[in-house]
Amino acid sequence: MSPNPRSMAQRLAGRARDRARRGLHTAVHAGWQWIQRHGEITPHTPGRRRFAYLGEGACIGFPVGAIYGEPWISIGDHTLVGTHVTISAGFVPGLDLGPDVIVKIGSSCSLGRGTHIVGHQSIEIGNDVFTGPNVYITDQNHTYGDVAMPIGRQWPENNPVVIGDGCWIGTGAIILPGTRLGRNVAVAGGAVVRGEFPDHAVIGGVPAKVLRSYDAENGWQPPLRNSPLMSLDELAALSVDGLEGLQLLQDKLREEAG
């Protein structure tokens with residue numbers, strides 16, 4: 001029995017549509033990767049000229065967030081800024097903010113996707129600082145001195161922010177005006193941080209408080225668990241054991257959780 005010409009045509013048309021769809025899919029993703037790569041701001045692109053400093057090896061991912069006040073923004077060497085990150089100095093573009101850098105980001109930092117750094121007086125971020133996605137850092141907040149006036153119309157107040165070298169700031173954390181973090185401070189995701197915190201502390205909560213801290217005489221307080229979850233040999237084995245090794249890790253995590 002000879003094939004139905006109409007069904008043959010339909011199959012051929014379906015195959016052609018599938019090939020066209022796959023080709024379009026490939027073209028769209030390749031095109032988007034090209035746009036992202038060529039939209040980055042680096043020391044070798046014209047966008048670098050707007051900044052007070054954009055260090056060697058630094059990169060601001062594309063699409064960018066709201067970036068303005070660049071003459072008062074300094075970004076150190078080898079710092080990576082994720083996509084959709086807002087870094088601003090001043091209320092709006094075009095203001096004269098004076099002679100000093102307002103937002104200073106150190107070297108070898110990594111700012112997670114969607115992070116906002118909004119400076120008006122002084123935000124200083126040290127070297128080797130990492131943030132998760134959607135972190136918010138600002139040195140300005142509105143006051144509530146006049147109960148009869150809408151809060152958003154009251155004159156704001158500034159208070160400098162300092163984040164020490166080596167800090168880790170978890171996803172969704174908010175760093176409020178006047179915050180000073182010491183060196184190697186870990187901020188839990190979702191924390192709302194205001195005030196001064198010492199070196200080598202773990203902080204979290206709303207408002208944030210010290211959950212654990214370290215000193216040379218007593219070590220970590222409260223103490224860490226007595227024994228590591230896995231030995232170095234066991235961790236090394238994961239790279240060669242494939243799914244069996246990952247299952248071992250999962251079993252140990254479940255056992256540790258009780």
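Heavy-atom basis, side chains included; hydrogens, waters and symmetry copies ignored.
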R180, CZ: over 12 other non-hydrogen atoms inside 6.0 angstrom: no

Within 6.0 angstrom of R153 CZ, more than 12 heavy atoms from elsewhere: no

Under 3.5 Å: donor-acceptor pair, side chain of T179, backbone of V193: yes

Distance in Å, I87 CD1 paired with I73 CD1, rounded so as to fall on 0.5 Å steps: 6.0 Å

Parallel, tilted or perpendicular: rings of Y136 and H116 (30°, 60°): tilted

T86 vs I117 side-chain heavy atoms within contact, under 4.5 Å: no

Y214 vs V202 side-chain heavy atoms within contact, under 4.5 Å: no

Between CD on residue E56 and OH on residue Y53, distance to nearest 0.5 Å: 7.5 Å

ILVMFWY network linking V85 to F130, side-chain heavy atoms under 4.5 angstrom: no

Minimum side-chain heavy-atom gap N127-S108 below 4.5 Å: no

Side chain to side chain, V135 and T171, heavy atoms closer than 4.5 Å: no

Polar side-chain atom of T79 near backbone of G106 as donor-acceptor pair, under 3.5 Å: yes

Single-linkage hydrophobic cluster, 4.5 Å side-chain cutoff, F62 and V81 together: no

Donor-acceptor under 3.5 Å (T83 side chain, R113 main chain): no

Which residues share a ring-ring contact (aromatic ring centres under 6.0 Å, His included) with F91, sequence neighbours left out: H120

T115 side chain to L111 backbone, donor-acceptor under 3.5 Å: no

Under 3.5 Å donor-acceptor, R194 side chain and L176 backbone: no

Flag, side chain of D139 to backbone of Q121, donor-acceptor distance under 3.5 Å: yes

Gap between atom NZ of K104 and atom CD1 of I125 - 0.5 Å precision: 11.5 Å

Backbone N/O of D146 and side chain of Q154: donor-acceptor pair under 3.5 Å: yes

W155, CH2 atom: more than 12 neighbouring heavy atoms under 6.0 Å: no

Interatomic distance, I60 atom CD1 to I41 atom CD1 [nearest 0.5 angstrom]: 4.5 Å

Basic-acidic side-chain contact under 4.0 Å: D18, R21: yes

